[in-house]
Amino acid sequence: MSSIKIETVVLDTNRCGESPVWEEKSNSLLYVDIPSKKICRWNSLTKQVQEVIVDSPVSSVAIRQSGGYVATVGTRFCALNWEDQSLSDLFSVDKDKKNNRFNDGKVDPAGRYFAGTMAEEIAPAVLERYQGSLYALFPNGIAEKYFDNVDISNGLDWSLDHKVFYYIDSLSYSVDAFDYDLHTGKIANRRSVYKMEKEEHIPDGMCIDTEGKLWVACYNGGRVIRLDPETGKRLQTVKLPVEKTTSCCFGGKDYSELYVTSARDGLDTDELSRQPDTGKIFKITGLGVKGIAPFPFAG
């Protein structure tokens, strides 16, 4: 096992950095800062960050097959033209819940954009419960609701054979799995594949590696953990120098680098002074595993 190295790579401080996505063609990391309403792109070669400011909290971003990006902004699925920084609405959800917003989202192997909602927080992870739902925006431009009664819709990914959908509702303190039909997008047979340990705190964003193991960022836990969804066992823990680790994705030229986002909202002055890098983005190398490229939205 090569030695693990953790570096701070994006020095801009995010209030709540989320949804890291590697874009191979530009050697860049896409991510969002939810409450700052920013969609960002960090170029790994020039180390420069470009950003687009939008009109509502933006919780996830994904690559669009036809060019540009898609993002979840407020309670809308949107298309983003990076060149002119214009945003256009694709589909709105939760119209009866004025206090809701989208949270984490990701595109499935068939090009559907999955994302779930939650009530706006009073403080980090403090909110009116059971207000959220999980949706998917299909390539034909129509969104479908999958289920409701969600607290904080969070990490999601698919097994390497595309037959299992993994999903996190943060306040359940569980990583769940569903049988997945890639052809139709239908899900069935929900079950828990991992229950969080006390010191791991709240499960947040998640990604999969080429061995089919899941990497979960632990909010308030200051770590990412590697899980085997087949056995329900934790295989590895990587601790970071910040408490509020929010999400992760693999990137770099061979997808051997794990990028981890973090947040600073909810920390007091003392906590911030003890964690000077909080809200920044980290790169972990030497893990000995690789990830897979993100899927683009097909609409």
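Bear in mind the structure is a predicted one, so any value in this text is a computation, not a measurement.
In the hydrophobic clustering of ILVMFWY residues, with side-chain heavy atoms under 4.5 Å counting as a link, F295 and L214 come out together. L287 and L235 fall into different hydrophobic clusters, where Ile, Leu, Val, Met, Phe, Trp and Tyr are joined by side-chain heavy atoms under 4.5 Å apart, directly or via other members. Hydrophobic clustering, with ILVMFWY side chains joined whenever heavy atoms are under 4.5 angstrom apart, keeps I63 apart from V107. Under the 4.5 Å side-chain heavy-atom criterion for Ile, Leu, Val, Met, Phe, Trp and Tyr, V21 and F250 are members of distinct hydrophobic clusters. Cluster annotation: L127 and Y130 are assigned to distinct hydrophobic clusters (Ile/Leu/Val/Met/Phe/Trp/Tyr, side-chain heavy-atom contacts under 4.5 Å, transitive).
Judged purely by atom type and a 3.5 angstrom limit, K37 has no side-chain atom pairing as donor or acceptor with the backbone of I34. Not a single donor-acceptor pair under 3.5 Å links the side chain of S36 to the backbone N or O of D33. Looking at T245, its side chain does come within 3.5 Å of a backbone N or O of R223 through a donor-acceptor pair. Proximity of a side-chain donor or acceptor of K213 to a complementary backbone N or O of E211 within less than 3.5 Å is detected. With hydrogens and angles ignored, the 3.5 Å screen pairs a side-chain donor or acceptor of Q275 with a backbone N or O of E243. Side chain of S262 to main chain of T278: no donor-acceptor pair is present (N/O by atom type, distance under 3.5 Å, no hydrogens or angles). Judged by distance alone, the side chain of S44 and the main-chain N or O of S28 form no donor-acceptor pair under 3.5 Å. For the pair N14 (side chain) and C16 (backbone), a donor-acceptor distance under 3.5 Å is absent. D157 places a side-chain N or O within donor-acceptor distance of the main-chain N or O of I208, the cut-off being under 3.5 Å. Between the side chain of D181 and the main chain of I187, no donor-acceptor pair closer than 3.5 Å is present.
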Please determine whether side chain to side chain contact (heavy atoms under 4.5 Å, CB included) holds for the pair V54 and I39, giving the CA-CA distance in whole Å, both sets of side-chain angles, and the decisive distance to 0.1 Å. CA-CA 8 Å; V54 295; I39 303 170; 4.0 Å; yes

Assess whether side chain to side chain contact (heavy atoms under 4.5 Å, CB included) is satisfied between T210 and I292, documenting all intermediate values. CA-CA 6 Å; T210 55; I292 59 173; 3.9 Å; yes

For Y69 and W82: C-alpha separation, side-chain torsions, deciding distance, then whether ring pair (Phe, Tyr, Trp, His ring centres under 6.0 Å) applies. CA-CA 7 Å; Y69 307 107; W82 191 267; 5.7 Å; yes

Are I281 and T8 close enough, and set up right, to give a side chain to side chain contact (heavy atoms under 4.5 Å, CB included), and what steps lead you there? CA-CA 6 Å; I281 297 178; T8 311; over 6 Å; no

Start with the C-alpha distance between D277 and R264, add both sets of side-chain angles, then the distance that settles salt bridge (Lys or Arg N to Asp or Glu O under 4.0 Å), and finish with yes or no. CA-CA 9 Å; D277 287 335; R264 62 180 282 125; over 6 Å; no

Step-by-step ring pair (Phe, Tyr, Trp, His ring centres under 6.0 Å) determination, F138 to Y113: CA-CA 7 Å; F138 281 62; Y113 189 8; over 10 Å; no

Could you give me the CA-CA distance, side-chain angles and deciding distance for W158 and F114, then say whether ring pair (Phe, Tyr, Trp, His ring centres under 6.0 Å) is met? CA-CA 11 Å; W158 289 263; F114 277 70; 5.3 Å; yes

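Using a 4.5 Å heavy-atom cutoff, the side chains of V193 and L227 are not in contact. L87 is listed as a side-chain neighbour of R76, based on a closest heavy-atom distance under 4.5 Å. With contacts defined as side-chain heavy-atom distances shorter than 4.5 Å, the pair Y173/Y194 does not qualify. With contacts defined as side-chain heavy-atom distances shorter than 4.5 Å, the pair P35/D265 qualifies. Contact check for E200 versus I225: side-chain heavy atoms found under the 4.5 Å cut-off. By the 4.5 Å heavy-atom criterion applied to side chains, S19 and Y31 are not counted as neighbours. At a threshold of 4.5 Å between non-hydrogen side-chain atoms, the residues K106 and C207 count as touching. For the pair Q65 and V70, the minimum side-chain heavy-atom distance is 4.5 Å or more.
Using modelled atom types, one finds a donor on one side chain and an acceptor on the other under 3.5 Å when comparing T72 with S59. At a cut-off of 3.5 Å, with distance as the only test, a side-chain donor of N103 or R101 sits close to an acceptor on the other residue. In the model, T75 has no side-chain atom that pairs as donor or acceptor with a side-chain atom of D94 under 3.5 Å.
The pair R112-D108 counts as a salt bridge, with a side-chain nitrogen and a carboxylate oxygen less than 4.0 angstrom apart. Looking at D268 and R274, no side-chain N of the basic residue comes within less than 4.0 Å of a carboxylate O on the acidic one, giving no salt bridge. Between K233 and D228 no salt bridge is recorded (no basic side-chain N to carboxylate O distance below 4.0 Å).
Taken to the nearest 0.5 Å, the CG atom of D179 stands 14.5 Å off from the NZ atom of K186. With rounding to the nearest 0.5 angstrom, the CG atom of N220 is 5.0 Å from the CD1 atom of I202. We find the CD-CD1 distance between E121 and I152 to be 5.5 Å, quoted to the nearest 0.5 Å. Note that CG of D161 and CG of L182 are 10.0 Å apart. Values are rounded to the nearest 0.5 Å. Distance check: K163 NZ to Y180 OH gives 14.5 Å after rounding to the nearest 0.5 Å. Remark: M206 CE to W215 CH2 distance equals 14.0 Å, nearest 0.5 Å.
Across S174 and D176, no two heavy atoms sit closer than the pair OG-OD1, 2.6 Å. The nearest pair of heavy atoms linking S153 to L134 is OG-CD1, 4.0 Å. Of all non-hydrogen atoms in Y255 and E24, the two that sit nearest each other are OH-OE1, 2.7 Å. In terms of heavy atoms, C248 sits closest to V260 at CB-CG2, 4.2 Å. Across all non-hydrogen atoms, the minimal contact from V10 to K280 is O-CB, 3.3 Å. Considering all non-hydrogen atoms of both residues, I168 and D204 come closest at CD1-O, 3.3 Å.
Between F102 and F77, a ring centre-to-centre spacing shorter than 6.0 Å is recorded. Taking the six-membered ring for Trp, F91 and Y135 have ring centres at least 6.0 Å apart. Taking the six-membered ring wherever Trp is involved, the centroid distance between the rings of W22 and Y259 falls below 6.0 Å. Less than 6.0 angstrom separates the ring centroid of Y167 from the ring centroid of F147.
Partner F178 forms a ring-ring contact (aromatic ring centres under 6.0 Å, His included) with one of Y166, Y146, F165 and no other, that one being F165.
Residue K253 qualifies as open at atom NZ: its count of foreign heavy atoms under 6.0 Å is 12 or below. Shown here is E230, whose CD atom has no more than 12 heavy atoms of other residues, nucleotides or ligands within 6.0 Å.
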